[in-house]
Q: 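Sharing a structure with you now.
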Amino acid sequence: MAFTKQVLVFLVFVGIFNICNAQGLKLGFYKKTCPSAEAIVKKETANIISLAPTLAAPILRMHFHDCFVRGCDGSILLNSTTSNQAEKDSFPNLSLRGFGSIDKVKSAVEKKCPGVVSCADILALVARDAVSLLHGAFWAVPLGRRDGRVSNSTEVLFNLPPPFFNITQLKANFASKGLNAKDLVVLSGGHTIGTSHCSSFTNRLYNFTGRGDSDPSLDSNYVARLKSRCSATNTTTLVEMDPGSFKTFDTDYYSLVAKRRGLFTSDAALLADSETRAYVTSHATPRGSKTFFKDFAKSMVKMGKIGVLTGSQGEIRKTCAFVN
(Lines give C-alpha, C1' and ligand atoms only; values in the text may rest on other atoms or scores of the structure.)
Protein backbone atom coordinates (compact mmCIF):
# COMPACT_ATOMS: atom_id res chain seq x y z
CA MET A 1 0.00 0.00 0.00
CA ALA A 2 2.84 2.37 0.92
CA PHE A 3 4.55 1.56 -2.39
CA THR A 4 1.34 2.27 -4.30
CA LYS A 5 1.01 5.65 -2.59
CA GLN A 6 4.62 6.48 -3.46
CA VAL A 7 4.00 5.61 -7.11
CA LEU A 8 0.86 7.76 -7.20
CA VAL A 9 2.69 10.68 -5.59
CA PHE A 10 5.51 10.30 -8.13
CA LEU A 11 3.06 10.27 -11.06
CA VAL A 12 1.30 13.35 -9.73
CA PHE A 13 4.67 15.11 -9.32
CA VAL A 14 5.72 14.17 -12.86
CA GLY A 15 2.38 15.38 -14.18
CA ILE A 16 2.68 18.74 -12.41
CA PHE A 17 6.29 19.08 -13.62
CA ASN A 18 5.28 18.39 -17.23
CA ILE A 19 2.34 20.82 -17.06
CA CYS A 20 4.56 23.59 -15.68
CA ASN A 21 7.13 23.04 -18.43
CA ALA A 22 4.44 22.92 -21.13
CA GLN A 23 3.27 26.32 -19.94
CA GLY A 24 6.68 27.60 -21.05
CA LEU A 25 5.62 27.00 -24.65
CA LYS A 26 3.71 29.69 -26.52
CA LEU A 27 2.64 30.71 -29.99
CA GLY A 28 4.99 33.18 -31.63
CA PHE A 29 7.83 32.28 -29.27
CA TYR A 30 10.45 33.42 -31.80
CA LYS A 31 8.61 36.58 -32.85
CA LYS A 32 11.40 38.82 -31.55
CA THR A 33 14.45 36.55 -31.66
CA CYS A 34 13.86 34.94 -35.08
CA PRO A 35 10.68 36.29 -36.68
CA SER A 36 11.19 34.41 -39.95
CA ALA A 37 11.79 31.01 -38.33
CA GLU A 38 8.42 29.45 -39.15
CA ALA A 39 8.45 30.83 -42.70
CA ILE A 40 11.92 29.36 -43.31
CA VAL A 41 10.82 25.97 -41.96
CA LYS A 42 7.69 26.02 -44.11
CA LYS A 43 9.63 26.89 -47.28
CA GLU A 44 12.31 24.25 -46.71
CA THR A 45 9.71 21.59 -45.82
CA ALA A 46 7.72 22.40 -48.96
CA ASN A 47 10.85 21.88 -51.06
CA ILE A 48 11.57 18.55 -49.36
CA ILE A 49 8.03 17.16 -49.64
CA SER A 50 7.66 18.30 -53.26
CA LEU A 51 10.68 16.15 -54.12
CA ALA A 52 9.90 13.26 -51.75
CA PRO A 53 6.25 13.22 -50.58
CA THR A 54 6.75 9.83 -48.94
CA LEU A 55 8.98 11.51 -46.32
CA ALA A 56 5.96 13.15 -44.68
CA ALA A 57 4.88 9.97 -42.88
CA PRO A 58 8.27 9.03 -41.38
CA ILE A 59 8.83 12.64 -40.26
CA LEU A 60 5.43 12.64 -38.53
CA ARG A 61 6.37 9.30 -36.96
CA MET A 62 9.75 10.72 -35.93
CA HIS A 63 8.02 13.51 -33.99
CA PHE A 64 5.79 10.93 -32.28
CA HIS A 65 8.79 8.75 -31.40
CA ASP A 66 10.66 11.77 -30.06
CA CYS A 67 7.83 12.87 -27.78
CA PHE A 68 7.13 9.41 -26.34
CA VAL A 69 10.75 8.96 -25.21
CA ARG A 70 12.02 11.61 -22.78
CA GLY A 71 9.43 14.07 -24.09
CA CYS A 72 9.64 16.32 -27.17
CA ASP A 73 13.29 17.24 -26.71
CA GLY A 74 14.87 16.27 -30.02
CA SER A 75 16.64 13.29 -28.43
CA ILE A 76 15.57 11.13 -31.40
CA LEU A 77 17.88 13.25 -33.59
CA LEU A 78 21.11 12.63 -31.66
CA ASN A 79 23.72 10.26 -33.09
CA SER A 80 25.19 7.36 -31.17
CA THR A 81 28.71 7.70 -29.78
CA THR A 82 31.41 5.15 -29.03
CA SER A 83 30.11 4.93 -25.45
CA ASN A 84 26.35 5.27 -26.02
CA GLN A 85 23.75 3.87 -28.40
CA ALA A 86 21.22 6.62 -29.13
CA GLU A 87 17.45 6.36 -29.63
CA LYS A 88 17.69 6.46 -33.43
CA ASP A 89 19.65 3.18 -33.36
CA SER A 90 17.11 1.30 -31.25
CA PHE A 91 15.25 -1.39 -33.23
CA PRO A 92 11.85 0.43 -33.44
CA ASN A 93 13.59 3.48 -34.92
CA LEU A 94 15.78 1.78 -37.52
CA SER A 95 13.09 2.26 -40.17
CA LEU A 96 12.78 6.01 -39.56
CA ARG A 97 13.77 8.30 -42.43
CA GLY A 98 14.15 12.03 -42.81
CA PHE A 99 16.98 12.86 -40.41
CA GLY A 100 18.86 14.56 -43.24
CA SER A 101 15.79 16.65 -44.01
CA ILE A 102 15.59 17.90 -40.43
CA ASP A 103 19.31 18.76 -40.61
CA LYS A 104 18.71 20.67 -43.85
CA VAL A 105 15.91 22.73 -42.31
CA LYS A 106 17.99 23.38 -39.19
CA SER A 107 20.91 24.63 -41.32
CA ALA A 108 18.63 27.08 -43.14
CA VAL A 109 17.30 28.43 -39.84
CA GLU A 110 20.81 28.63 -38.36
CA LYS A 111 21.99 30.77 -41.27
CA LYS A 112 19.35 33.36 -40.42
CA CYS A 113 19.28 33.03 -36.63
CA PRO A 114 22.27 31.13 -35.24
CA GLY A 115 21.79 29.44 -31.87
CA VAL A 116 18.16 30.52 -31.42
CA VAL A 117 15.71 27.85 -32.64
CA SER A 118 15.87 24.38 -31.10
CA CYS A 119 15.94 21.14 -33.07
CA ALA A 120 12.94 19.96 -31.03
CA ASP A 121 10.89 22.92 -32.27
CA ILE A 122 12.07 22.44 -35.84
CA LEU A 123 10.98 18.78 -35.78
CA ALA A 124 7.54 19.80 -34.42
CA LEU A 125 7.15 22.40 -37.17
CA VAL A 126 8.36 20.17 -40.00
CA ALA A 127 5.97 17.42 -38.93
CA ARG A 128 3.08 19.90 -38.96
CA ASP A 129 4.00 21.37 -42.34
CA ALA A 130 4.57 17.94 -43.90
CA VAL A 131 1.07 16.79 -42.91
CA SER A 132 -0.45 20.03 -44.18
CA LEU A 133 1.31 19.65 -47.53
CA LEU A 134 -0.42 16.28 -48.03
CA HIS A 135 -3.78 18.08 -47.83
CA GLY A 136 -4.00 17.22 -44.16
CA ALA A 137 -4.64 19.00 -40.88
CA PHE A 138 -2.90 22.22 -39.91
CA TRP A 139 -2.31 23.43 -36.38
CA ALA A 140 -0.56 26.33 -34.70
CA VAL A 141 2.50 24.93 -32.92
CA PRO A 142 3.33 26.36 -29.48
CA LEU A 143 7.11 26.83 -29.45
CA GLY A 144 9.90 27.26 -26.94
CA ARG A 145 11.17 23.68 -26.57
CA ARG A 146 14.80 23.21 -25.65
CA ASP A 147 16.98 20.33 -26.82
CA GLY A 148 17.87 17.46 -24.52
CA ARG A 149 21.42 16.24 -24.02
CA VAL A 150 20.61 12.56 -23.41
CA SER A 151 19.54 9.87 -25.90
CA ASN A 152 19.49 6.22 -24.82
CA SER A 153 18.32 3.37 -27.05
CA THR A 154 17.13 1.21 -24.14
CA GLU A 155 14.54 3.81 -23.18
CA VAL A 156 12.80 3.42 -26.54
CA LEU A 157 11.58 -0.13 -25.85
CA PHE A 158 10.10 0.92 -22.52
CA ASN A 159 8.24 3.93 -23.87
CA LEU A 160 7.14 3.41 -27.48
CA PRO A 161 3.95 1.40 -27.99
CA PRO A 162 4.75 -1.49 -30.38
CA PRO A 163 2.39 -2.47 -33.22
CA PHE A 164 1.34 -5.66 -31.39
CA PHE A 165 -0.11 -3.91 -28.30
CA ASN A 166 -3.74 -4.63 -27.41
CA ILE A 167 -6.19 -1.87 -26.45
CA THR A 168 -5.53 -2.16 -22.70
CA GLN A 169 -1.79 -1.79 -23.23
CA LEU A 170 -2.27 1.07 -25.68
CA LYS A 171 -4.53 3.05 -23.35
CA ALA A 172 -2.12 2.55 -20.45
CA ASN A 173 0.84 3.62 -22.56
CA PHE A 174 -0.89 6.78 -23.77
CA ALA A 175 -2.18 7.58 -20.27
CA SER A 176 1.40 7.47 -19.00
CA LYS A 177 2.12 10.33 -21.42
CA GLY A 178 -0.94 12.35 -20.38
CA LEU A 179 -2.97 11.30 -23.42
CA ASN A 180 -6.45 9.77 -23.31
CA ALA A 181 -8.40 7.23 -25.38
CA LYS A 182 -9.56 9.87 -27.82
CA ASP A 183 -5.97 11.01 -28.39
CA LEU A 184 -5.08 7.36 -29.02
CA VAL A 185 -7.67 6.80 -31.73
CA VAL A 186 -7.11 10.24 -33.28
CA LEU A 187 -3.31 9.98 -33.44
CA SER A 188 -3.63 6.43 -34.80
CA GLY A 189 -5.24 8.16 -37.76
CA GLY A 190 -1.75 9.25 -38.72
CA HIS A 191 -1.48 5.77 -40.26
CA THR A 192 -3.46 7.18 -43.17
CA ILE A 193 -0.08 8.07 -44.69
CA GLY A 194 3.04 5.99 -45.03
CA THR A 195 4.23 2.41 -45.38
CA SER A 196 5.33 -0.42 -43.12
CA HIS A 197 7.76 -3.31 -43.40
CA CYS A 198 6.15 -6.74 -43.52
CA SER A 199 7.91 -7.71 -40.29
CA SER A 200 5.66 -5.35 -38.32
CA PHE A 201 2.54 -7.40 -39.05
CA THR A 202 3.50 -10.87 -40.40
CA ASN A 203 2.74 -12.27 -36.94
CA ARG A 204 -0.92 -11.68 -37.86
CA LEU A 205 -0.60 -13.61 -41.11
CA TYR A 206 1.34 -16.71 -40.13
CA ASN A 207 1.09 -18.98 -37.09
CA PHE A 208 -0.85 -16.37 -35.07
CA THR A 209 -1.69 -18.73 -32.19
CA GLY A 210 0.98 -21.35 -32.89
CA ARG A 211 -1.35 -23.45 -35.06
CA GLY A 212 -0.38 -22.08 -38.47
CA ASP A 213 -3.36 -19.74 -38.47
CA SER A 214 -3.97 -16.04 -39.14
CA ASP A 215 -5.36 -13.37 -36.82
CA PRO A 216 -9.15 -13.85 -36.92
CA SER A 217 -9.65 -10.11 -36.35
CA LEU A 218 -8.07 -9.45 -39.77
CA ASP A 219 -10.32 -9.73 -42.84
CA SER A 220 -9.59 -13.09 -44.53
CA ASN A 221 -9.48 -11.59 -48.04
CA TYR A 222 -7.00 -8.98 -46.83
CA VAL A 223 -4.91 -11.75 -45.23
CA ALA A 224 -4.62 -13.43 -48.61
CA ARG A 225 -3.67 -10.17 -50.26
CA LEU A 226 -0.99 -9.42 -47.67
CA LYS A 227 0.41 -12.95 -47.88
CA SER A 228 0.94 -12.42 -51.61
CA ARG A 229 3.23 -9.51 -50.71
CA CYS A 230 4.86 -10.78 -47.53
CA SER A 231 6.34 -14.19 -46.78
CA ALA A 232 6.73 -15.19 -43.13
CA THR A 233 10.40 -14.18 -43.17
CA ASN A 234 10.17 -11.05 -45.35
CA THR A 235 11.81 -8.07 -43.61
CA THR A 236 12.41 -5.74 -46.55
CA THR A 237 9.17 -5.30 -48.52
CA LEU A 238 7.15 -2.16 -47.81
CA VAL A 239 3.34 -2.24 -47.73
CA GLU A 240 1.06 0.81 -47.83
CA MET A 241 -0.72 1.31 -44.50
CA ASP A 242 -3.65 2.97 -46.31
CA PRO A 243 -3.66 1.26 -49.75
CA GLY A 244 -4.41 3.59 -52.63
CA SER A 245 -4.32 6.68 -50.44
CA PHE A 246 -1.03 6.45 -48.54
CA LYS A 247 0.20 9.81 -49.86
CA THR A 248 -2.96 11.70 -48.89
CA PHE A 249 -3.91 12.63 -45.35
CA ASP A 250 -7.60 11.66 -45.06
CA THR A 251 -10.05 9.43 -43.15
CA ASP A 252 -9.61 6.33 -45.33
CA TYR A 253 -7.65 4.76 -42.48
CA TYR A 254 -10.80 4.57 -40.36
CA SER A 255 -12.72 2.97 -43.23
CA LEU A 256 -10.07 0.25 -43.42
CA VAL A 257 -10.06 -0.34 -39.65
CA ALA A 258 -13.87 -0.56 -39.64
CA LYS A 259 -13.62 -3.24 -42.37
CA ARG A 260 -11.05 -5.18 -40.27
CA ARG A 261 -8.27 -4.20 -42.64
CA GLY A 262 -6.06 -2.26 -40.25
CA LEU A 263 -2.49 -3.43 -40.81
CA PHE A 264 -1.32 -3.72 -37.20
CA THR A 265 -2.70 -5.42 -34.11
CA SER A 266 -2.78 -1.93 -32.59
CA ASP A 267 -5.06 -0.79 -35.43
CA ALA A 268 -7.48 -3.69 -34.92
CA ALA A 269 -7.39 -3.01 -31.16
CA LEU A 270 -9.30 0.24 -31.73
CA LEU A 271 -12.42 -1.87 -32.34
CA ALA A 272 -12.08 -3.56 -28.93
CA ASP A 273 -13.01 -0.46 -26.91
CA SER A 274 -16.38 1.29 -27.02
CA GLU A 275 -14.96 4.83 -27.17
CA THR A 276 -12.29 4.19 -29.79
CA ARG A 277 -14.64 1.96 -31.83
CA ALA A 278 -17.29 4.70 -31.88
CA TYR A 279 -14.72 7.18 -33.22
CA VAL A 280 -13.58 4.76 -35.93
CA THR A 281 -17.09 4.05 -37.17
CA SER A 282 -18.17 7.70 -37.11
CA HIS A 283 -15.13 8.74 -39.15
CA ALA A 284 -15.17 5.87 -41.63
CA THR A 285 -16.75 8.12 -44.27
CA PRO A 286 -15.46 11.22 -46.12
CA ARG A 287 -17.85 13.30 -44.01
CA GLY A 288 -15.64 12.61 -41.01
CA SER A 289 -12.66 14.52 -42.46
CA LYS A 290 -13.58 17.91 -41.03
CA THR A 291 -13.88 16.75 -37.42
CA PHE A 292 -10.89 14.40 -37.78
CA PHE A 293 -8.63 17.22 -38.95
CA LYS A 294 -9.74 19.38 -36.03
CA ASP A 295 -9.26 16.52 -33.56
CA PHE A 296 -5.87 15.58 -35.02
CA ALA A 297 -4.66 19.16 -34.68
CA LYS A 298 -5.75 19.27 -31.04
CA SER A 299 -4.13 15.94 -30.16
CA MET A 300 -0.89 16.88 -31.94
CA VAL A 301 -0.61 20.08 -29.91
CA LYS A 302 -1.24 18.03 -26.77
CA MET A 303 1.34 15.42 -27.74
CA GLY A 304 3.83 18.15 -28.61
CA LYS A 305 3.81 19.29 -24.98
CA ILE A 306 4.89 15.96 -23.48
CA GLY A 307 7.91 16.29 -21.19
CA VAL A 308 9.26 19.41 -22.87
CA LEU A 309 12.34 21.25 -21.67
CA THR A 310 11.91 25.02 -21.45
CA GLY A 311 13.58 28.12 -20.02
CA SER A 312 17.18 27.36 -19.09
CA GLN A 313 16.79 23.57 -19.29
CA GLY A 314 18.67 21.66 -21.97
CA GLU A 315 20.29 23.63 -24.76
CA ILE A 316 19.84 24.94 -28.29
CA ARG A 317 21.92 22.58 -30.39
CA LYS A 318 23.98 23.98 -33.20
CA THR A 319 23.67 20.70 -35.09
CA CYS A 320 20.75 18.39 -34.40
CA ALA A 321 22.77 15.16 -34.39
CA PHE A 322 25.23 16.34 -31.72
CA VAL A 323 25.11 17.99 -28.32
CA ASN A 324 26.99 21.27 -28.13
Side-chain angles (χ1 to χ4, degrees), residues 9-42 44 59 62-81 83-88 99 102-129 139-156 158-159 176-179 300-324:
V9 169
F10 173 74
L11 289 174
V12 170
F13 172 77
V14 170
I16 293 173
F17 178 77
N18 285 340
I19 290 171
C20 290
N21 274 12
Q23 289 175 344
L25 302 181
K26 66 178 182 180
L27 298 176
F29 182 83
Y30 298 108
K31 187 176 182 179
K32 293 182 179 179
T33 55
C34 188
S36 59
E38 292 194 50
I40 294 172
V41 172
K42 185 175 182 179
E44 293 295 326
I59 287 174
M62 188 190 299
H63 182 35
F64 176 87
H65 284 209
D66 183 41
C67 291
F68 265 58
V69 183
R70 288 193 162 266
C72 312
D73 67 343
S75 53
I76 186 69
L77 304 171
L78 286 170
N79 283 351
S80 295
T81 65
S83 59
N84 177 69
Q85 187 178 57
E87 291 173 28
K88 66 166 61 172
F99 291 104
I102 301 301
D103 291 338
K104 182 179 180 181
V105 176
K106 171 66 171 176
S107 295
V109 174
E110 282 291 301
K111 287 180 180 178
K112 185 69 176 180
C113 312
V116 175
V117 182
S118 70
C119 295
D121 274 347
I122 285 174
L123 177 54
L125 287 169
V126 173
R128 185 272 310 275
D129 290 339
W139 57 96
V141 180
L143 301 170
R145 297 167 189 78
R146 304 267 294 179
D147 296 322
R149 298 188 178 97
V150 177
S151 184
N152 192 320
S153 64
T154 58
E155 295 181 349
V156 175
F158 291 104
N159 286 280
S176 72
K177 309 301 178 185
L179 302 174
M300 284 299 295
V301 170
K302 191 174 177 182
M303 186 193 80
K305 294 180 179 180
I306 297 174
V308 294
L309 302 176
T310 58
S312 60
Q313 299 170 321
E315 63 183 16
I316 304 297
R317 287 185 219 137
K318 296 182 177 68
T319 306
C320 292
F322 306 95
V323 295
N324 292 342

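For the numbers below, each heavy atom of this structure counts, side chains included, while hydrogens, waters and symmetry mates do not.
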Q: Once you round to the nearest 0.5 Å, how far does SG of C72 lie from CG of D147?
A: 11.5 Å

Q: With sequence neighbours excluded, tell me which residues meet salt bridge (Lys or Arg N to Asp or Glu O under 4.0 Å) with D121.
A: R145

Q: How long is the span from the CD atom in E44 to the CG atom in D129, to the nearest 0.5 Å?
A: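 With rounding to 0.5 Å, CD (E44) is 11.5 Å from CG (D129).
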
Q: For F64, enumerate each residue passing the side-chain contact (heavy atoms from CB on, under 4.5 Å) test, keeping only those at least two apart in sequence or located in another chain.
A: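 Applying side-chain contact (heavy atoms from CB on, under 4.5 Å) to F64 gives F68, L160, P161, F174, M303.
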
Q: So K177 and N159, do their side chains get closer than 4.5 Å, heavy atoms only?
A: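 Side chain of N159 against side chain of K177, heavy atoms only: contact under 4.5 Å found.
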
Q: Quick one: CD1 on I306 to CG on D73, what's the gap to the nearest 0.5 Å?
A: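 Reported value, rounded in 0.5 Å steps: 11.5 Å.
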
Q: Taking only residues two or more places apart in sequence, or in another chain, which ones meet S107 in a side-chain contact (heavy atoms from CB on, under 4.5 Å)?
A: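 side-chain contact (heavy atoms from CB on, under 4.5 Å) list for S107, sorted by chain: empty.
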
Q: Taking only residues two or more places apart in sequence or in another chain, which ones pass side-chain contact (heavy atoms from CB on, under 4.5 Å) with K26?
A: F29

Q: Report the distance from atom OG of S151 to atom CD of Q85, rounding to the nearest 0.5 Å.
A: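 It comes to 9.5 Å.
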
Q: Would you list the pairs meeting side chain to side chain donor-acceptor pair (under 3.5 Å) in which at least one residue belongs to residues 315-324, sequence neighbours left out?
A: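 Applying side chain to side chain donor-acceptor pair (under 3.5 Å) to every pair that reaches into residues 315-324, excluding sequence neighbours, yields R149-E315.
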
Q: Distance-only, no hydrogens or angles: does the T81 side chain make a donor-acceptor pair with backbone N or O of N84 under 3.5 Å?
A: yes

Q: Has the side chain of K88 got a donor or acceptor atom that lies under 3.5 Å from a matching backbone atom of I76?
A: no

Q: Apply salt bridge (Lys or Arg N to Asp or Glu O under 4.0 Å) to K302 and list each qualifying residue two or more places apart in sequence or on a separate chain.
A: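 Per chain and number, K302 pairs via salt bridge (Lys or Arg N to Asp or Glu O under 4.0 Å) with D183.
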
Q: Donor-acceptor pair, S118 side chain versus I316 backbone, under 3.5 Å?
A: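 No; judged by distance alone, with no hydrogens or angles, the pair does not exist.
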
Q: Would you give the length of the straight line joining atom CG of L143 to atom CD1 of I122, rounded to the nearest 0.5 angstrom?
A: 10.0 Å

Q: Starting at SG of C113, measure out to CD1 of I40 and round the result to the nearest 0.5 Å.
A: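 Going from SG on C113 over to CD1 on I40, the span is 5.5 Å.
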
Q: Contact between L77 and D66 at the side-chain level, heavy atoms closer than 4.5 Å - yes or no?
A: no

